[in-house]
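Excluded from the calculations below are hydrogen atoms, water molecules and symmetry mates; all remaining heavy atoms, backbone and side chain alike, are included.
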Amino acid sequence: MATSTLAKPEVAAPWKKNLSAHLVCPECKEDPPNLEFPDSHETVCGSCGLVLADREIDLHSEWRTFSNDDQNNDDPSRVGDASNPLLNGAQLETSIASGGSGRARDLYRAQNKQSGEKANKALLAAYKEIGALCDGFNIQKTVADTAKYLFKMVDDAKAFKGKSQEVIIAGCIFIACRQCKVPRTFTEIFAVTKVTRKEIGRIYKALEKFFTTQNVERHNAALENGETHDSAGDYNATTSTKPSDLPRYRHGRFGRTFPLSIVAACIYMASFLMGHGKSAKEISQVAHVSDGTIRGAYKQLYAERERLVDPEWIKGGKGDMGKLPVS
């Protein structure tokens, strides 16, 4: 019987750098050569400037930016921006700027009709309003970002369809302030959003219940899939705001007084201090605090007048402590 032997496959020898080959400039013939790489795809002799190799493969990273060459300060990065977690979709669309004419205007209109962008238009409009309200509120950007994240949770779940967007935004801002440890009162949120205090209180309770339910649903879904629930993104329920949580209104013995009462009493005191006295009744009509409450808070201010009033404020006849009423 004939036997056959299978040829063993040849094993390729490991790659080794050929140290006997040198790239030497044919003009200078320097050894070792003085090579420079002024561009990412060229090799040039540093002594005579002769280009030894061009059109080489660029092995550098693609993280490059061309902001120095841009006239509109747009900083056009070659790899684009990172995805925004506050928006929906893959966010790989190309945006066409408005304001053009001819074919550019037609392309802009055609892109606007696409449904892919419509999902984010409502979110962007809501985010713009949240940012404007927080800027007018003079609070940090972290509060606005937290409010946007809370609003997106509501929008993704399609919850509170019967509520207006303004009410939901007011509730999200109120909760975001508490989450970021800079709480605001219902009255302050009302002053900015024009949503009534009663409505803010209602939407606040509804949102708290909704976010807590979302935590439970995510936890149960993780258990069903045999996964470990990551509690890092869970919503933390807020607690009632205490006077000690409002340091901007708290000063010594005034910590237990309602902030709006102190504000009204300060206006009452400053009006007499500067020689333009206003009655407690006049101030109550604007501050929406009873004149009796204003007088009660003013008594505390009057007792501490020497400590509260800086002498520089009334120096040169600008004000007179003697004009302050006793009660």
- Kindly determine whether I175 and F211 satisfy side chain to side chain contact (heavy atoms under 4.5 Å, CB included), including the steps that lead there. CA-CA 11 Å; I175 294 177; F211 293 138; 4.2 Å; yes
- Task: Go through the steps to decide whether L52 and L35 satisfy the test side chain to side chain contact (heavy atoms under 4.5 Å, CB included), and finish with yes or no.
- Result: CA-CA 9 Å; L52 304 180; L35 303 181; 3.4 Å; yes
- Task: Report the C-alpha distance between S261 and I294 in whole Å, list the side-chain angles of each, state the deciding distance to 0.1 Å, and finish with yes or no for side chain to side chain contact (heavy atoms under 4.5 Å, CB included).
- Result: CA-CA 6 Å; S261 303; I294 295 176; over 6 Å; no
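Proximity of a side-chain donor or acceptor of N225 to a complementary backbone N or O of A221 within less than 3.5 Å is detected. No side-chain donor-acceptor contact under 3.5 Å links Y302 to the backbone of A297. For R218 (side chain) and V216 (main-chain N/O), no donor-acceptor pair under 3.5 Å exists by modelled atom type. No side-chain donor-acceptor contact under 3.5 Å links E129 to the backbone of A126. Side-chain atoms of T293 never come within 3.5 Å of backbone atoms of V289 as a donor-acceptor pair (strictly under, hydrogens ignored).
A cation-pi arrangement, defined by a distance under 6.0 Å to the six-membered ring centre and an angle within 45 degrees of its axis, is absent between R103 and Y108. F190 carries R197 over the face of its six-membered ring, with the cationic atom under 6.0 Å from the centre and within 45° of the normal.
Scanning for salt bridge (charged side-chain N to carboxylate O under 4.0 Å, His left out) contacts around K163 gives E199, with sequence neighbours left out. For D156, the salt bridge (charged side-chain N to carboxylate O under 4.0 Å, His left out) partners at least two apart in sequence or on another chain are K152. For C28, the side-chain contact (heavy atoms from CB on, under 4.5 Å) criterion is met by C25, E30, C45, S47, C48, not counting sequence neighbours.
Note that OG of S284 is 11.5 Å distant from CD1 of I267, once rounded to the nearest 0.5 Å. I173 CD1 to T146 OG1: the interatomic distance, rounded to the nearest 0.5 Å, is 11.5 Å. Note that NZ of K181 is 12.5 Å distant from OG1 of T142, once rounded to the nearest 0.5 Å. The CD atom of E166 lies 9.5 Å from the OG1 atom of T193; values are rounded to the nearest 0.5 Å. A distance of 8.0 Å separates CE of M269 from CZ of R305, quoted to the nearest 0.5 Å. Note that CG of D291 is 8.0 Å distant from OG of S279, once rounded to the nearest 0.5 Å.
Within the 4.5 Å cutoff, no side-chain heavy atoms of M274 are placed close to those of K323. With contacts defined as side-chain heavy-atom distances shorter than 4.5 Å, the pair Y149/D145 does not qualify.
Between I189 and A170 the shortest heavy-atom distance is CG2-O, 3.9 Å.
For the pair E304 and R307, the salt-bridge criterion is met [side-chain N within less than 4.0 Å of a carboxylate O].
The aromatic ring centroids of Y268 and F272 lie less than 6.0 Å from each other.
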